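Step one of this worksheet: look at the structure below.
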Amino acid sequence: MSSLPAVFTSWFKSRGWSPHPHQLKMVEAARRGEHSLLIAPTGGGKTLSGFLASLVELSQDNAPGLHTLYISPLKALAVDIHRNLEMPVQEMGLDLRLETRTGDTPANRRQRQRENPPHILLTTPESLALLISYDDADAIFASLKCIVVDEAHALIGTKRGDQLALCMARLQKLAPQCRRVGLSATVAWPEELRAWLSPTARTDDVHLIKGGGGAKAKVSLLTTKEELPWSGHYGLHALPEVYEELRHVRTAILFVNTRAQAELVFQELWHLNEDALPIALHHGSLAREQRRKVEAAMARGDLRAVVATSSLDLGIDWAAVDLVIQIGPPKGVSRLIQRIGRAGHQLNTPSRALLVPANRFEVLECRAAIDGVEEGTLDGAPPRPGGLDVLAQHILGLACSKPFTADEIYSEVTKAAPYAALDRQTFDDVLRFVMDGGYALKAYDRYKRLFLTSSDRYEITSPKVAQRHRMNIGTIVEETTLKVRLRGGPVLGEIEEYFVNGLEEGDSFIFAGNLLRFEGIRELTVLCSRAAGDAPKIPQYMGGRLPFTTHLSDRVREMLADPSHWQDLPPQVAEWLRIQQWCSVLPKKDGLLVESFPRNQKEYLVAYCFAGRNAHQTLGMLLTRRMERMGLSPLGFVASDYVIAVWGLHAPRNLGELFSEDMLGDDLEEWMAESSLLRRTFKNAAVIAGLIERKYPGQEKSGRQVTVSSDLIYDVLREHEPDHILLRATRADAASGLTDIHRLGGFLKRIKGKITHRRLDRVSPLAVPILLEIGREYVGDDAIDELLAENANELIEEAMAGLENTRSLF
DNA sequence: GACCTGCTGCGGGATG
């Protein structure tokens, strides 16, 4: 307490609070001029900790000029923190200016902020990138003393995080005295986070402070009385039991994994809602106003429950939430901990969480995740090197601000951790790309953005370049969508173009919690009326997939392999596994189990890889190519996060050969080059690098236009400059993203020489779920044989019937 | 380029 000035101590006292130990530690670190990183669970006054030292300094000297820059990944959070900070500032009578600056800020206020910055500015990574591109950036930031990065764990390892790291490196040059403060949830790799925050990319530059953990969460698995589904992912079977839970809580958040699932679960809950409980819906495609309404109702404590996607993973803390329900598998322990942490911000009240698996395999994953939460084993991929596309955008931003020499910029950007290992040659290639598009594109005038002055400085070719750059700042690339408007009513949100293309007048669909009738399209808006139709469609989005962490995958395999764990599983699941044990065998903790069996004149091969869907899709493509060459006539494959199934005319014999590591050779290169996955990845990189501009002064490009021009450039580059910087960026993104080659490589290495092959005369119990996926799932570039769609009951019966015959087999 | 498992996030400036 002694480390705070009197006005602060008496303010804490007047609120009946005393500062947390970590808050004082942060102030002391600041006094010593140290950078610091606070890692603490949600709540617990984390944000105030970040600002306390700045407020103390400003209370002693409030000379004009920007003192502290706060950066949040969410606009809404910046606004909320602004409101929260005003309270202590006013109550302590501190004389200082506090403002937000995001894309929502009106132009006149932006102008004023440039000329006369507030003491504390709250903003986003994108807005910061914009500020840095101004020619007066040096004047704006010269006085800067402190940068606070909130929710740093949500930024590191992403392209937004790469961009922010680069911007901070620039700030360090404009304001060398500047101190950095990071605020983060608990992460699996705190050292990397320290390095990311550091102005020198060195871990020990940043003082690590750990905040006290709140009470430990009580997490349980919903053991439904219903029959557990063999496949499907919506979890609707358990909703009556979920609803029952809602009747006994104050406020609950129900997390689901997809927007379509959110709509469905919401709809079903309302059917069950005989008590007329106030239940709301929240996801990323709902109109901003709709979402703000829901958030405000949550803050007031007016809602009993809200069904949400990761749209509520971060952000404002709601004290009233006493239960978090996760419907469907959490896909990672850290993600689950983050979601559970959204409840129970009352001091020392343990939060409660309930996991609702939608099928049998998901039971295993949920159970494994609960064990992970109890042991506190965090997961998630560690940060990878920064994207070259992001670097290109940043370099152009720097040029928009002031001409520079290559040497000074190289030394500047390599101070940012994501680019610390960037070699000079690659940097020069990126710079060359920014300058004129690179060797293969230099003939086009539109790609000439920089020229070299007589003093060896790079300068933008015209002010138009800066204008266009500023209109296209940011690393988030989205699908094109159409707005959905209720006739004579408000905009409800947006749905993707392709979904709209599949609608005919009179079709009904569920959106924003409403049953709607499709009337037609006017300009870029879908017009709808309320409907009473049946069999409504549900909009699907080409969103990302929540990645299945390797850690959780390891836990699932461990649980499967050791029957002593099964007592923690619902009886239906334990029985399913026991029957599998009799009919076939269970996957071991290490190695790979492959089953093969005939069915309906075809040969099936089911591999229990547990490497996640992205890796499985790449594997499926490689396997079918190889089987083709072996003369096995493969016909198709289907993949889940856990399993892959391939079917064809003949059964494979030599599985060691089939799964050998050299699979990642020529086939991969060839397929990747043609694959639409890579084209999509390239498009994103091209947009981020500024090769394709989404917006021009006065017009916006449609998604179709962007795709066409990106495909053209992609083909040109592949032919004429295969080592182009954007193709390198694309391969790097794909390797850990949509094709997940890193993980596939690790998998193939791990199973080498450890493949168990079971030849069966029929489908096994464990193989039933993946066979039920056939015909329901779109896989990569290969069309699925819909005729194969299975009759669930028949299939299950057949698998379980294997029981009698099998004993004699072994 | 889709559809039955597919998240989240941001983004100009000057003028009338």
Side-chain angles (χ1 to χ4, degrees), chain A residues 72-78 102-108 110-111 114 123-130 133-134 151 154-155 158-161 163 231-235 255-262 264 283-285 308-315 327-329 331 335 358-359 362 393 463 466-479 495-503 509 537-548 613-614 639-641 676-677 679-680 687 694-698 700 703-704 707 711 738 772-773 775-781 783-784 786 789:
Chain A
S72 139
L74 270 63
K75 281 191 289 191
L77 194 55
T102 69
D104 296 342
T105 308
N108 56 355
R110 296 180 185 198
Q111 192 57 38
R114 274 173 75 175
T123 189
T124 61
E126 287 77 10
S127 281
L128 174 59
L130 187 65
S133 79
Y134 292 140
E151 309 275 21
L155 289 166
T158 69
K159 292 195 177 187
R160 295 184 82 196
Q163 182 170 45
S231 69
H233 305 269
Y234 283 139
F255 282 110
V256 296
N257 289 346
T258 71
R259 286 167 275 191
Q261 192 182 14
L264 255 179
H283 63 69
S285 294
T309 58
S310 358
S311 57
L312 291 186
D313 276 1
L314 297 179
I327 299 182
K331 297 291 152 207
R335 178 180 304 278
N359 63 46
E362 290 184 5
Q393 186 184 110
Q467 187 194 8
R468 277 162 43 191
H469 166 74
R470 292 186 184 123
M471 290 182 71
N472 287 282
I473 277 179
T475 60
I476 300 169
V477 183
E478 282 183 320
E479 297 291 325
I495 55 184
E496 288 185 6
E497 236 170 5
Y498 87 87
F499 177 75
V500 178
N501 293 340
L503 290 177
F509 64 101
K537 301 183 175 190
I538 300 165
Q540 303 287 325
Y541 300 83
M542 288 296 288
R545 260 190 299 267
L546 300 178
F548 181 41
R613 285 181 34 127
N614 287 339
S640 71
D641 269 334
S676 65
L677 296 181
R679 285 178 182 273
R680 221 162 84 197
V687 167
R694 289 166 283 192
K695 295 185 193 169
Y696 282 126
E700 250 176 71
R704 187 83 202 122
T707 305
D711 277 355
L738 288 172
L772 289 174
E773 295 283 334
R776 304 170 20 153
E777 168 88 20
Y778 169 80
V779 181
D781 297 333
I784 288 277
E786 292 198 13

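Just so it is clear, the structure is predicted and the values come from calculations on it, not from any experiment. Convention: sequence-line order gives letters A, B, ...; per-chain numbering from 1.
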Detail all sub-3.5 Å separations between protein N/O atoms and N/O atoms belonging to nucleotides 13-16 of chain B.
| from | atom 1 | to | atom 2 | distance (Å) |
| --- | --- | --- | --- | --- |
| B:dG13 | OP1 | A:Tyr134 | OH | 2.5 |
| B:dG13 | OP2 | A:Arg110 | NH1 | 3.1 |
| B:dG13 | OP2 | A:Tyr134 | OH | 3.3 |
| B:dA14 | OP2 | A:Gln111 | OE1 | 3.4 |

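The side chain of A:Ser311 contributes no N or O atom lying less than 4.0 Å from OP1 or OP2 of B:dG9. Contact annotation: A:Thr102 does not reach the phosphate of B:dC10 (side-chain N/O to OP1 or OP2, under 4.0 Å). Dashed line: the shortest gap from a side-chain N or O of A:Lys75 to OP1 or OP2 of B:dG11 is under 4.0 Å. Between B:dG6 and A:Gln540, a contact under 4.0 Å exists linking OP1 or OP2 to a side-chain N or O. Note on A:Thr258: a side-chain N or O is less than 4.0 Å away from OP1 or OP2 of B:dG6. For B:dC10, neither phosphate oxygen OP1 nor OP2 lies less than 4.0 angstrom from any side-chain nitrogen or oxygen of A:Thr124.
Put simply, CZ on A:Phe499 is 12 Å from P on B:dG6, counting in whole angstrom units. In this structure, the CZ atom of A:Arg680 is 12 Å from the P atom of B:dA2, given to the nearest Å. Counting to the nearest Å, the C1' atom of B:dG11 and the CE atom of A:Met471 are 10 Å from each other. For A:Ile538 and B:dT5, the CD1 to P distance is 11 Å, given to the nearest whole Å. As a whole-Å value, the separation of A:Glu478 CD from B:dC7 P is 11 Å. Taking atom CD of residue A:Glu773 and atom P of nucleotide B:dG6, one finds them 11 Å apart after rounding to whole Å. With rounding to whole Å, A:Phe548 atom CZ is found 14 Å from B:dT5 atom C1'. Taking atom CD1 of A:Ile327 as the reference point, atom C1' of B:dT5 lies 14 Å away to the nearest angstrom.
A:Pro73 places none of its side-chain heavy atoms less than 4.5 Å from the side chain of A:Thr158. With contacts defined as side-chain heavy-atom distances shorter than 4.5 Å, the pair A:Glu496/A:Gln540 does not qualify. Residues A:Phe509 and A:Ile495 form a side-chain contact, since some pair of their non-hydrogen atoms from C-beta on lies under 4.5 Å apart. Residues A:Glu126 and A:Thr102 fail the side-chain proximity criterion, which asks for heavy atoms closer than 4.5 Å.
In terms of the side-chain contact (heavy atoms from CB on, under 4.5 Å) criterion, residue partners of A:Ala262 (sequence neighbours excluded) are, by chain and number, A:Val256, A:Leu281, A:His283, A:Val307, A:Thr309.
Atom C1' of B:dT8 sits at a distance of 23 Å from the matching atom of B:dC4, rounded to the whole Å. On the P atoms, B:dC7 is 14 Å away from B:dC3, given to the nearest whole Å. Rounded to a whole angstrom, the distance from the C1' atom of B:dG6 to that of B:dG11 is 24 Å.
Closest approach of A:Ile327 to A:Gly235, counting heavy atoms only: CG2-CA, 4.5 Å. Closest heavy-atom contact between A:Val477 and A:Arg694: CA-NH1, 4.0 Å.
Cation-pi contact between A:Arg613 and A:Phe548: absent, since separation from the ring centre below 6.0 Å together with deviation from the ring axis within 45° is not met.
Using a 4.0 Å heavy-atom criterion, one finds that A:Ala154 contacts no nucleic acid atom at all. Within the 4.0 angstrom heavy-atom criterion, only backbone atoms of the sugar-phosphate kind lie near A:Gly103; the bases stay farther away. At the heavy-atom level, A:His283 lies under 4.0 Å from the strands shown only through sugar-phosphate atoms. A:Asp313 comes within 4.0 angstrom of no nucleic acid atom, judged by non-hydrogen atoms across all strands. Looking at heavy-atom distances under 4.0 Å, A:Glu151 makes no contact with the nucleic acid at all. A:Tyr498 comes within 4.0 angstrom of a nucleotide base, judged by non-hydrogen atoms across all strands. Residue-level contact check: A:Thr475 touches neither bases nor backbone, having no heavy atom under 4.0 Å from any strand.
For A:Ile476, the side-chain atoms get nearest to B:dG9 when compared with the rest of B:dG9, B:dG6, B:dG11. Listed nucleotides: B:dC7, B:dC10, B:dC3. Nearest to the side chain of A:Ser310: B:dC7.
Both A:Thr123 and A:Glu496 sit near DNA chain B, but only A:Glu496 has its closest nucleotide nearer the 5' end.
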Report the C-alpha separation of A:Arg545 and A:Asp641 in whole Å, then their side-chain angles, then the decisive distance to 0.1 Å, and conclude whether the salt bridge (Lys or Arg N to Asp or Glu O under 4.0 Å) test is met.
CA-CA 10 Å; A:Arg545 260 190 299 267; A:Asp641 269 334; 5.8 Å; no
